[in-house]
Amino acid sequence: MSEAIAPEKEVTNVAVMNQLPSGAIRAESPLHHAELDKLAARNPRGGGVILRELKLLGHLTLRGSQDNASFMAGCAEVLGVALPTKPLTSVDNGSVSVRWLSPDEWLAVVPMDQAFEIERSLRAAIEGHFQVVNGSGGQTIIELSGPNAVDVLKKSTILDLHPSQFPVGKVAGSVFAKASALVRRSGEDTWELVVRRSFADYIWLWLQDASREYGLVVKA
Amino acid sequence: MLHIYCPHCEELREEEEFHCSGEAHIARPLDPDNCTDAEWGEYIFFRKNPRGIQHEMWYHTTGCRKFFNVTRDTQTYEIKEVYKIGEQPKVVAEG
Ligand SMILES: [Zn+2]
């Protein structure tokens with residue numbers, strides 16, 4: 001009953017699949033039903049909060065030890081940016097961003113049409129004990145910007161968002177509107193929320209309500 | 001509301017982000033197939049529940065999702081220290 005169950009040799013073959021649908025299949029982001037493009041087309045006036053969904057990006061969760069030189073070097077080589085080892089930080093080179101999640105876990109956000117190739121390249125480049133999971137379909141990113149974006153966040157999370165405590169580039173997972181989100185400050189007035197697919201609609205409704213007093217501008 | 005220092009995130013966060021996972025340093029029986037019911041009972045159900053210094057595990061649920069240990073005074077709720085899994089506490093009860 002308590003015998004250790006271990007494979008006789010290390011499993012190196014992992015089933016991977018390209019999650020990018022062919023052109024014949026319509027890809028729907030977690031906020032597809034909200035029809036943000038139609039809302040964007042009839043934005044009546046300006047407002048203090050600008051919202052857009054950074055949709056259909058490739059989300060790769062990377063796990064491995066910082067002591068595994070092959071893991072750290074392989075990720076840096078394939079992603080084009082080194083994994084941030086300082087807690088609660090992120091790196092961004094314009095097309096690829098990497099968020100620190102924990103001392104042995106990172107979220108790499110890449111263009112969706114490159115996700116499969118990057119996943120395969122990581123598997124080829126890294127030796128030892130590591131994990132790459134494509135979770136693209138399971139979450140989405142909501143970007144909030146504008147002078148009142150921070151006021152909406154203050155209603156939603158217990159994180160200290162003062163620039164001295166939450167500088168540009170910082171990442172923190174926390175409770176968000178009784179759900180949870182991974183918050184990143186991507187610019188002085190720009191914030192990104194990584195939210196789970198099943199909570200995306202709730203958070204979208206919450207953000208509409210919380211930003212009503214400042215005026216909400218939806219961008220496609 | 002406790003203000004808890006996460007040793008992995010390396011900053012103070014509010015208690016709402018964490019979950020307490022009970023007494024720390026509970027060793028699983030090394031020979032589980034030959035444990036008596038009394039030994040299993042001790043391991044699974046019985047805890048010290050001290051008045052004063054207690055070592056307990058906490059989980060950073062919404063943050064880094066890592067476990068760590070906290071030494072806390074159960075009378076005053078004061079957190080005396082925070083240390084990682086695998087490390088030993090510096091603050092221990094007298095006697
Ligand atoms: Zn943490």
Side-chain angles (χ1 to χ4, degrees), chain A residues 1-5 61-67 83-90 99-107 131 133 135 139 153-162 164-167 169-185 193-196 199 203, chain B residues 1-21 24 26-45 56-70 72 77-79 81-89:
Chain A
M1 188 174 136
S2 61
E3 288 84 24
I5 300 167
T61 303
L62 315 173
R63 297 205 69 172
S65 169
Q66 294 186 28
D67 297 332
L83 299 180
T85 54
K86 186 167 182 272
L88 308 175
T89 60
S90 65
R99 291 158 177 76
W100 182 97
L101 298 179
S102 90
D104 58 10
E105 186 173 12
W106 291 264
L107 173 67
Q131 184 189 61
V133 173
Q139 52 200 27
L153 295 181
K154 284 177 185 171
K155 296 189 203 179
S156 314
T157 177
I158 53 180
L159 291 169
D160 187 344
L161 302 170
H162 190 273
S164 67
Q165 300 301 309
F166 214 115
K170 180 168 175 174
V171 172
S174 188
V175 284
F176 193 95
K178 296 189 189 295
S180 63
L182 182 67
V183 180
R184 173 173 178 254
R185 187 175 207 152
L193 310 173
V194 179
V195 297
R196 291 189 182 277
F199 284 105
I203 287 178
Chain B
M1 175 70 79
L2 295 172
H3 213 194
I4 301 171
Y5 183 86
C6 173
H8 304 289
C9 292
E10 298 180 0
E11 69 175 20
L12 287 158
R13 295 286 186 84
E14 289 187 30
E15 184 182 347
E16 204 181 332
E17 293 188 2
F18 298 87
H19 180 82
C20 183
S21 298
I26 296 172
R28 184 178 168 82
L30 290 173
D31 189 8
D33 286 344
N34 295 308
C35 276
T36 63
D37 284 354
E39 285 167 335
W40 273 120
E42 284 286 334
Y43 167 67
I44 293 172
F45 299 112
E56 52 197 18
M57 277 196 299
W58 283 76
Y59 180 55
H60 197 179
T61 320
T62 66
C64 60
R65 290 171 294 137
K66 292 276 185 208
F67 283 90
F68 57 94
N69 295 317
V70 166
R72 186 174 65 88
Y77 279 65
E78 186 191 356
I79 292 175
E81 64 175 337
V82 165
Y83 54 104
K84 290 180 182 172
I85 298 292
E87 297 175 355
Q88 291 300 313

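Predicted model, so just to flag it, every value in this text is computed and none were measured. Naming: A, B, ... by sequence-line order, numbering from 1 per chain.
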> Given a strict heavy-atom distance threshold of 4.5 Å, which part of A/L159 is in contact with chain B: side chain, backbone, both, or neither?
Replying inline: side chain

>> Are there over 12 heavy-atom neighbours, none belonging to B/I44, within less than 6.0 Å of that residue's CD1?
In response: yes

> Mind checking what makes side-chain hydrogen bond (donor to acceptor under 3.5 Å, both in side chains) contact with B/K84, not counting sequence neighbours?
Replying inline: none

> Do you know which two heavy atoms are closest between A/P87 and B/C9, and how far apart they sit?
Replying inline: CB-O, 3.7 Å

>> Is it true that, when you exclude A/R63 itself, more than 12 heavy atoms of the residues, nucleotides or ligands shown sit nearer than 6.0 Å to its CZ?
In response: yes

> Among A/L182, A/V175, A/T157, whose side chain to side chain contact (heavy atoms under 4.5 Å, CB included) with B/T62 holds?
Replying inline: A/V175

> For chain A, which residues of residues 34-41 of chain B have at least one non-hydrogen atom nearer than 4.5 Å to it?
Replying inline: none

> Under 4.5 Å, heavy atom to heavy atom, which residues of residues 99-107 of chain A contact chain B?
Replying inline: A/W100, A/L101, A/S102, A/P103, A/D104, A/E105

> Which value, rounded to the nearest 0.5 Å, describes the distance between A/I158 atom CD1 and B/M1 atom CE?
Replying inline: 6.0 Å

> What residues of residues 13-21 of chain B sit under 4.5 Å from chain A when only non-hydrogen atoms are counted?
Replying inline: B/R13, B/E14, B/E16, B/E17

> Pick from A/Q165, A/K86, A/K170: which one has the most heavy-atom pairs with chain B under 4.5 Å?
Replying inline: A/K170

